[in-house]
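What follows is a single structure, written as structure tokens, with notes after it.
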Amino acid sequence: DQQVKQNSPSLSVQEGRISILNCDYTNSMFDYFLWYKKYPAEGPTFLISISSIKDKNEDGRFTVFLNKSAKHLSLHIVPSQPGDSAVYFCAASAFDNDMRFGAGTRLTVKP
Amino acid sequence: EAQVTQNPRYLITVTGKKLTVTCSQNMNHEYMSWYRQDPGLGLRQIYYSMNVEVTDKGDVPEGYKVSRKEKRNFPLILESPSPNQTSLYFCASKITGFYNEQFFGPGTRLTVL
């Protein structure tokens, strides 16, 4: 039972354009949401997070939006760069020792 | 450099041959965990530990054991590996507390023949 879903396995965008990665969740108890980025042969690295009391969080080129009523969050990357090409995992947590991950979306940014 | 290390990075073994994947962190984190990553399923938690001598099952603990005798180390033990345990394994650690992100190791790719 996947409580966190990333329905797009892959996404391809042109350098300089916006990348939008989407994530849906089913558990209304989730209170903290994170995005991780993973390069080949490396472990995931933390990118950005948002708590349920906010609907937007920005960090440089990366912005995460949370729509609690729709149980949906998205990651916007503007402008996209070739170095952003990676697999992005969405994760959600309802309490401290529990974190649920989506299946990941492979982003390819073309020069 | 703050990091989580795992060894080995790659391992091919045969069914039934006991193996241990080591995990060590140098950030003095209380919390450590193990995940496996499989295509289409994302990362699923195997076991976690809130502190020394405190471990608990995650979502997919069957066929695995862990121990936490020291704060920095959290080995994953497969007593009798089977082909369905072929996967990519990640160890992670973090400061205890809800709004803290996990730091992941580089991964161990395990193949059980």
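The sequence lines fix the lettering, A, B, ..., with proteins before strands; numbering per chain opens at 1. Fair warning: this is a prediction, and the values are worked out from it, not measured in the lab.
- Proximity to chain B (any heavy atom under 4.5 Å) is shown, for A/Ser93, by both the backbone and the side chain.
- A ring-centre distance under 6.0 Å is not found for B/Phe90 and B/Tyr35.
- Formation of a donor-acceptor pair under 3.5 Å by the B/Thr86 side chain with backbone atoms of B/Val112 is found in this model.
- A/Phe46 has its ring centre no less than 6.0 Å from the ring centre of B/Phe104.
- Counting heavy-atom pairs under 4.5 Å between each of B/Ser33, B/Gly40, B/Pro39 and chain A puts B/Gly40 at the top.
- Judged by distance alone, the side chain of B/Glu53 and the main-chain N or O of B/Glu70 form no donor-acceptor pair under 3.5 Å.
- When the candidates B/Gly107, B/Gly105, B/Gly97 are compared by the number of heavy-atom contacts under 4.5 Å with chain A, B/Gly97 comes out ahead.
- Residue contact with chain A, scored on non-hydrogen atoms closer than 4.5 Å, is absent for B/Arg109.
- Note that CH2 of B/Trp34 and CD1 of B/Ile77 are 10.5 Å apart. Values are rounded to the nearest 0.5 Å.
- Within residues 51-89 of chain A, the residues approaching chain B closer than 4.5 Å by heavy atoms are, in numerical order, A/Ser51, A/Phe89.
- Under the rule for a side-chain contact (heavy atoms from CB on, under 4.5 Å), the partners of B/Arg72 that lie at least two apart in sequence or sit in another chain are B/Ser24, B/Asn26.
- Contact count versus chain A (heavy atoms, under 4.5 Å) is highest, among B/Gln45, B/Gln102, B/Arg9, for B/Gln102.
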B/Ser93/B/Tyr31 under side-chain hydrogen bond (donor to acceptor under 3.5 Å, both in side chains): CA gap, chis, key distance, verdict: CA-CA 5 Å; B/Ser93 72; B/Tyr31 180 96; over 6 Å; no
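- If you measure heavy-atom distances from A/Lys38 to chain B, the contacts under 4.5 Å come from the side chain alone.
- Counting only distance, with no hydrogens or angles, the side chain of B/Ser87 and the backbone of B/Tyr89 share no donor-acceptor pair below 3.5 Å.
- Of the two parts of B/Glu101, the backbone and the side chain both hold a non-hydrogen atom closer than 4.5 Å to a non-hydrogen atom of chain A.
- Heavy atoms of B/Asp59 lying under 4.5 Å from chain A belong exclusively to its side chain.
- Counting heavy-atom pairs closer than 4.5 Å to chain A, the top-ranked of the candidates B/Gln37, B/Arg44, B/Gln6 is B/Gln37.
- A donor-acceptor pair is defined here as one N or O able to donate and one able to accept, closer than 3.5 Å; such a pair exists between the side chain of B/Thr108 and the backbone of B/Pro8.
- A distance-only check finds no donor-acceptor pair linking the side chain of B/Glu79 to the backbone of B/Lys65 [under 3.5 Å].
- For a residue to count as touching a neighbouring chain, one of its non-hydrogen atoms must lie under 4.5 Å from one of that chain's; by this rule B/Thr96 touches chain A with backbone and side chain alike.
- Looking only at distances, no side-chain donor or acceptor of B/Thr55 sits under 3.5 Å from a matching main-chain atom of B/Tyr48.
- If you measure heavy-atom distances from A/Glu42 to chain B, the contacts under 4.5 Å come from the backbone alone.
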